[in-house]
Amino acid sequence: NRRVVLANRPEGLPDNETLRLETAPVPDPGPGEMLLRTIYLSLDPYMRGRMSDAKSYAEPVPIGGVMTGQVVAQVVASNLEEFAPGDHVLAGSGWQDYALSDGTQVLNLGPSPEHPSWALGILGMPGYTAHAGLLRIGEPKAGETVVVAAASGPVGATVGQIARIKGCRVVGIAGGAEKCAHVVDTLGFDACIDHRADDFEAQLKAACPDGIDVYFENVGGRVLYAVLPLLNPFARVPVCGMVAWYNETGLPDGPDHGPQIMGTILRQKVKMEGFIIFDSFPKSAQMEFVSDMTGWLKEGRVKYQEQVIEGLEAAPGALNDLLEGRNFGKMVVKVG
Ligand code: NDP
């Protein structure tokens, strides 16, 4: 049983000392337990937060503890009535080959789900984040302009496609020409701007001639500062993530943007609302998401791109790639 544990809390970007691959015996399930074998491990930006013991909405991974993560696993042996050997499950058993579970917070996907890994992406946490954050906080209306960064990633790509379905003009922001082409040509956004371009701010302004009504905040940093002057009165800003700052070790250089941010919120009467997908919305929000998304996928109205990494040993490097924008689509690790 291979597993990746947190060896040290990183300063800045995780390095070779941060995570350690270990082996341990495969455990035996006791009464009321089952043994799970991981097939796919999801890699997500929040994992950087779990490496830190700074105050957060969730407990950090303890030093020496197995890195947290959602997985799709197969039941190997079970002493639980609701789970049979061969069943696929969605579980939170983390970065390891095998894990014991008592079935708490485990979703049974059945013996042969059509796309098992989709439970980690478009039909799982990132898809639900996009749906609930956009529709319940962003409240987009037909004809409005919606802007979202990390636009080729699982959250951003889904936000933009849902906004298109709702009749909005959608402008994505992504790193590099290849991602931008995908966002427009395959995902159907109206435009996509490369945030690394020298004249990024001017390009964004030109792409939003009627200003911005909904800015779905995924990244912070330069993108946020470029968006602020373009926000229309009564704009909505669901604050979902700030990946540009996850590896910051101190305050950034340059001017203090506090007055610009607060001044914009005040003058433009902006609604800016943070959310954490696990506990911000009622149960009905998740049911609505599953019903909408299964329909849209069936009708081909939503497209989904995955990047599959081979092998648990490749997971630490792949997480850094994700944090620095070297992923293309939802990153999952094929573990076994
Ligand atoms: P992605 O797969 O899109 O990965 C992150 C992407 O962020 C990178 O690929 C990169 O894309 C972009 N990025 C990184 N650094 C910068 C930067 N400095 N400026 C602009 N873009 C940058 O991630 P997800 O779709 O899984 O997650 C998107 C966001 O949603 C994250 O902030 C995440 O933490 C948040 N989230 C929040 C949840 C909640 O409950 N609030 C739940 C789930 C996710 P590119 O190359 O295009 O720049």
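Ligands are counted one by one from 1 in listed order, and the atoms in each one are counted from 1 as well.
Of all protein heavy atoms, the one lying nearest to atom 6 (C) of ligand 1 is Ala150 CB, 3.8 Å. In this structure, the protein non-hydrogen atom closest to atom 32 (O) of ligand 1 is Asn218 O, 2.8 Å. Counting protein heavy atoms only, atom 17 (C) of ligand 1 is closest to Ala244 CB, 3.6 Å. Looking at atom 43 (C) of ligand 1, its nearest protein heavy atom turns out to be Met125 SD, 3.5 Å. Of the protein's non-hydrogen atoms, the one nearest atom 7 (O) of ligand 1 is Val243 CG1, 3.3 Å. Of the protein's heavy atoms, Leu323 O, 3.6 Å lies nearest to atom 14 (C) of ligand 1. Protein heavy atom closest to atom 42 (C) of ligand 1, with residue, atom name and distance, is Thr129 OG1, 3.3 Å. Asn327 ND2, 3.0 Å is the protein heavy atom nearest to atom 2 (O) of ligand 1.
Side-chain contact between Leu231 and Met272 is absent, with no heavy atoms from C-beta onward closer than 4.5 Å. Proximity of Asp321 to Met331: side-chain heavy atoms (C-beta onward) are separated by under 4.5 Å at one or more points. Residues Arg37 and Leu35 have side chains not in contact (no heavy-atom distance under 4.5 Å, counting atoms from C-beta outward). Looking at heavy atoms from C-beta onward, Leu135 lies in side-chain contact with Pro140 at the 4.5 angstrom threshold.
In this structure a side-chain-to-backbone donor-acceptor pair under 3.5 Å is missing from Arg136 to Leu134. The main-chain N or O of Val75 is never found under 3.5 Å from a side-chain atom of Asp87 such that the two would form a donor-acceptor pair. Counting only distance, with no hydrogens or angles, the side chain of Asn232 and the backbone of Asp210 share a donor-acceptor pair below 3.5 Å. Looking only at distances, no side-chain donor or acceptor of His88 sits under 3.5 Å from a matching main-chain atom of Gln74. Remark: side-chain polar atoms of Gln260 are not paired, donor with acceptor, to backbone N or O of His257 under 3.5 angstrom.
An N or O contact shorter than 3.5 Å is missing between Tyr46 and ligand 1 by distance. Residue Asp44 has no N or O atom closer than 3.5 Å to an N or O atom of ligand 1. Considering backbone and side-chain N/O atoms, Arg196 never comes within less than 3.5 Å of an N/O atom of ligand 1.
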Please report the C-alpha distance between Tyr215 and Glu217 in whole Å, then the side-chain angles of each, then the deciding distance to 0.1 Å, and finally whether the side chain to side chain donor-acceptor pair (under 3.5 Å) criterion is met.
CA-CA 6 Å; Tyr215 171 53; Glu217 174 63 297; 2.6 Å; yes

Given salt bridge (charged side-chain N to carboxylate O under 4.0 Å, His left out), test Glu310 with Lys334 step by step and report yes or no.
CA-CA 5 Å; Glu310 289 294 328; Lys334 182 105 199 305; 5.7 Å; no

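In summary, the atoms of ligand 1 found under 4.0 Å from a heavy atom of Ala174, numbered by their order in the structure, are 47 (O). Near Val219, meaning under 4.0 Å from one of its heavy atoms, ligand 1 places the atoms 20 (C), 21 (N), 22 (C). Within ligand 1, counting atoms from 1 as listed, the ones closer than 4.0 Å to a heavy atom of Phe275 are 39 (C), 40 (O), 41 (N).
Ligand 1 has no atom lying under 4.0 Å from any heavy atom of Arg326. Judged by the shortest distance from any of its heavy atoms, Met242 lies inside the 4.0 Å radius around the atoms of ligand 1. Ligand 1 lies within reach of Pro154, whose nearest heavy atom is under 4.0 Å from it. Ligand 1 does not have Val239 within reach: every non-hydrogen atom of the residue lies 4.0 Å or more from it. Heavy atoms of Cys240 approach ligand 1 to within less than 4.0 angstrom.
Taking the charged nitrogens against the carboxylate oxygens, Asp194 and Lys179 have no contact shorter than 4.0 Å, which rules out a salt bridge.
With ring centers used as reference points, His182 lies under 6.0 Å from Phe328.
In this pair, His131 and Trp296 present their aromatic rings tilted. The plane angle is within the 30 to 60° band. Taking the six-membered ring where tryptophan is involved, the planes of Tyr304 and Trp118 are perpendicular, since the angle between them exceeds 60° and thus also 30°.
Under 4.0 angstrom from ligand 1, the non-hydrogen atoms of Tyr246 all belong to its side chain. When non-hydrogen atoms are compared, ligand 1 lies under 4.0 Å from the backbone of Ile277 as well as from its side chain. If you look at Leu322 next to ligand 1, the close heavy atoms, those under 4.0 Å, come from the backbone and the side chain alike. If you look at Val155 next to ligand 1, the close heavy atoms, those under 4.0 Å, come from the backbone and the side chain alike. If you look at Arg222 next to ligand 1, there are no close heavy atoms at all, none under 4.0 Å.
Evaluated by nearest non-hydrogen atom to atom 26 (O) of ligand 1, the leading choice among Gly274, Gly153, Pro45 is Pro45. Looking at Gly175, Gly241, Gly325, Pro238, it is Gly175 that brings a heavy atom closest to atom 47 (O) of ligand 1.
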